[in-house]
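First up is the structure itself, then whatever we jot down about it.
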There are 2 protein chains.
Amino acid sequence: MTRMHKENNLSKNQQIIFDLIDRSPEPLKAYTILYNVQKKGINAPPQVYRALDKLVEIGKIHKIESKNAFVACKNSDCEISKATAFSICESCEVVDEISDVKLSKYLSSFNHKKGMKFKRFNLEFFGLCKKCK
Amino acid sequence: MTRMHKENNLSKNQQIIFDLIDRSPEPLKAYTILYNVQKKGINAPPQVYRALDKLVEIGKIHKIESKNAFVACKNSDCEISKATAFSICESCEVVDEISDVKLSKYLSSFNHKKGMKFKRFNLEFFGLCKKCK
DNA sequence: TTACATAGTGTTATATTATAACAATTCTAA
DNA sequence: TTAGAATTGTTATAATATAACACTATGTAA
Ligand SMILES: [Zn+2]
Ligand SMILES: [Zn+2]
Ligand SMILES: [Zn+2]
Ligand SMILES: [Zn+2]
């Protein structure tokens, strides 16, 4: 019936939810997303969480763990969510994805003394943004 | 009635919950903690969450954001949770607090291009531990 | 074309994580 | 000793996330 929107590999629900997150100036929570897509026929939490899971998996969005919220990846060379870093303003809650090659390389090559080889990291910085300080 | 256990500044509930977390080889979730302290008279979620909040605030424990779970700080010079880093095994779920002075200094002095000054960071590395790989 | 596998959808119910609100008690320091 | 701050106990509820199941759509290959 409804054709999938294949021009960019995303299914219908994935595309609706990605568009919403991508247009948002701030991280969106799952239930905020749900309320905002009900007019498009997405009615229940599992539909939202499934799309979110997939979008995270393919690197189109990232989860801000400390906020249980999601942002679109602004970082075209972000290697499928293997190395993410964010700055988070503790006052206005603005989140920016940090794309700093030196930082990314430094952390990607960091090896734990105890012999663990890392596949992935997530880094969250907190402070006050320019406006708020 | 019941005197507070002041030998180390922790209140009764805080001490009970800290002891449990400190003895655990793995991160503990809030409701796991609740089930395990009910025999000591802690009956309801707010009692657990209040103690956890306080213990995090004073740096005795840390929250592993990606797991919604808590570990005791193993890092005596950990500056009240201002700079935390963890290694997390994706197979056995073991978590280790990383205390690497160079890493800590590198990240603490990292400044975002957009003029944000950071007060705090949390870094989570994921991979397979020695045993699991 | 048909058949099969994989991925996505819609739906109901429920599990898990966390906080609001309020009354009472205990601790601290002046 | 007494007032403020911190902690406790309690009930209820909010917020976040998943289980389970029936069904539909899509891609691949015989
Ligand atoms: Zn990214
Ligand atoms: Zn701000
Ligand atoms: Zn620590
Ligand atoms: Zn392991």
Side-chain angles (χ1 to χ4, degrees), chain A residues 1-21 24 26-71 93 95, chain B residues 1-21 24 26-71 93 95:
Chain A
M1 193 79 50
T2 332
R3 282 243 122 53
M4 290 178 91
H5 299 70
K6 294 296 298 177
E7 56 277 11
N8 49 13
N9 297 342
L10 297 184
S11 74
K12 174 172 143 285
N13 288 0
Q14 289 160 14
Q15 187 69 57
I16 290 168
I17 287 172
F18 174 73
D19 287 344
L20 183 69
I21 296 172
S24 171
E26 60 193 10
L28 292 180
K29 288 169 166 275
Y31 277 75
T32 304
I33 293 168
L34 176 55
Y35 300 141
N36 280 282
V37 296
Q38 285 185 326
K39 49 186 170 297
K40 307 229 173 181
I42 296 175
N43 301 302
Q47 297 175 287
V48 173
Y49 281 102
R50 283 189 297 228
L52 290 173
D53 287 349
K54 187 67 178 186
L55 291 167
V56 166
E57 185 192 327
I58 65 179
K60 299 282 287 180
I61 66 173
H62 304 301
K63 183 174 186 181
I64 307 301
E65 294 287 356
S66 60
K67 300 172 79 72
N68 297 318
F70 299 84
V71 295
E93 314 258 303
V95 170
Chain B
M1 195 80 51
T2 333
R3 281 244 124 53
M4 288 179 90
H5 300 69
K6 293 297 297 175
E7 57 277 9
N8 49 15
N9 299 342
L10 297 182
S11 73
K12 173 171 145 285
N13 289 0
Q14 289 160 14
Q15 187 70 56
I16 290 168
I17 287 173
F18 175 74
D19 287 345
L20 183 69
I21 296 171
S24 171
E26 60 192 10
L28 292 180
K29 288 171 165 273
Y31 278 75
T32 304
I33 292 168
L34 177 56
Y35 300 140
N36 280 283
V37 295
Q38 285 184 327
K39 49 185 169 299
K40 307 228 173 181
I42 296 176
N43 302 302
Q47 296 175 288
V48 173
Y49 280 100
R50 284 190 295 228
L52 290 173
D53 287 349
K54 187 68 179 183
L55 291 167
V56 166
E57 185 192 326
I58 64 179
K60 297 283 286 180
I61 66 173
H62 302 301
K63 182 174 187 180
I64 308 300
E65 294 287 356
S66 61
K67 300 172 79 71
N68 296 319
F70 299 85
V71 294
E93 314 257 305
V95 170

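Below, read A as the first sequence line, B as the second, and so on, with proteins coming before strands; counting in each chain starts at 1.
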- Query: Think B:Tyr31 has a side-chain N or O under 4.0 angstrom from the OP1 or OP2 of C:dT16?
  - Reply: no
- Query: CD1 of B:Ile16 versus C1' of D:dG9: gap in Å, rounded?
  - Reply: 13 Å
- Item | Any A:Ser11 side-chain nitrogen or oxygen under 4.0 Å from OP1 or OP2 of C:dA7 | no
- Task: Sort out for me which residue in A:Ile42, A:Ile16, A:Val48 forms a side chain to side chain contact (heavy atoms under 4.5 Å, CB included) with A:Ile33.
- Result: A:Val48
- Phosphate contact (D:dT7 OP1 or OP2) by B:Gln14 side-chain N/O below 4.0 Å: yes
- Message: How many whole angstroms separate atom OH of A:Tyr35 from atom C1' of D:dA15?
- Response: 8 Å
- Query: Whole Å only: how far is the NZ atom of A:Lys67 from the C1' atom of D:dA15?
  - Reply: 15 Å
- Would you say the side-chain atoms of B:Asn43 pair up with the backbone N or O of B:Gly41, donor to acceptor, closer than 3.5 Å? yes
- Looking only at side-chain N and O atoms, does B:Asn43 come under 4.0 Å of OP1 or OP2 in D:dT8? no
- Message: Minimum heavy-atom separation for B:Phe70 and B:Ile61, please, with both atom names.
- Response: CD2-CD1, 3.8 Å
- Query: Between atom CG in A:Asn13 and atom C1' in C:dA7, what is the gap in whole Å?
  - Reply: 12 Å
- Give the rounded distance in Å between these two atoms: NZ of A:Lys54 and P of C:dT6. 13 Å
- Ignoring backbone atoms, establish whether B:Lys29 has a side-chain N or O less than 4.0 Å from OP1 or OP2 of C:dT17. yes
- Task: Would you check if A:Asn13 and A:Val37 make a side-chain contact, meaning some heavy-atom pair closer than 4.5 Å?
- Result: no
- Any side-chain N or O of A:Asn68 under 4.0 Å from OP1/OP2 of C:dA18? no
- Taking it one step at a time, do B:Leu10 and B:Lys60 satisfy side chain to side chain contact (heavy atoms under 4.5 Å, CB included)? CA-CA 10 Å; B:Leu10 297 182; B:Lys60 297 283 286 180; 4.2 Å; yes
- Side chain of A:Tyr49: nearest nucleotide among D:dA17, C:dT19, D:dT10? D:dA17
- Is there a donor-acceptor pair closer than 3.5 Å between any side-chain N or O of B:Lys67 and the backbone N or O of B:Lys29? no
- Message: If the cut-off is 4.0 Å, is A:Lys12 near the phosphate of D:dT24, judged by side-chain N/O to OP1 or OP2?
- Response: no
- Message: Can you identify which nucleotide, out of D:dT8, D:dT18, C:dT19, has its nearest atom closest to the A:Pro45 side chain?
- Response: D:dT18
- In whole Å, what is the span from the CG atom of B:Leu34 to the P atom of C:dA15? 16 Å
- Reckon A:Lys63 touches a base, only the sugar-phosphate, or nothing at all at heavy-atom distances under 4.0 Å? sugar-phosphate
- Message: Nearest heavy atom decides the nucleotide; on that basis, is A:Pro46 or B:Asp53 closer to the 5' end of DNA chain C?
- Response: A:Pro46
- Take the protein atom CG of B:Leu52 and the nucleotide atom C1' of D:dT8, then report the distance between them rounded to whole Å. 15 Å
- Task: Take A:Arg50 and B:Phe70, find for each the nucleotide of DNA chain C with the closest heavy atom, and name the residue whose nucleotide sits nearer the 5' end.
- Result: A:Arg50
- side-chain N/O A:Gln47 vs C:dG10 OP1/OP2, d < 4.0 Å: yes
- Query: Can you check the A:Asn9 CG to D:dT26 P distance for me, whole Å?
  - Reply: 14 Å
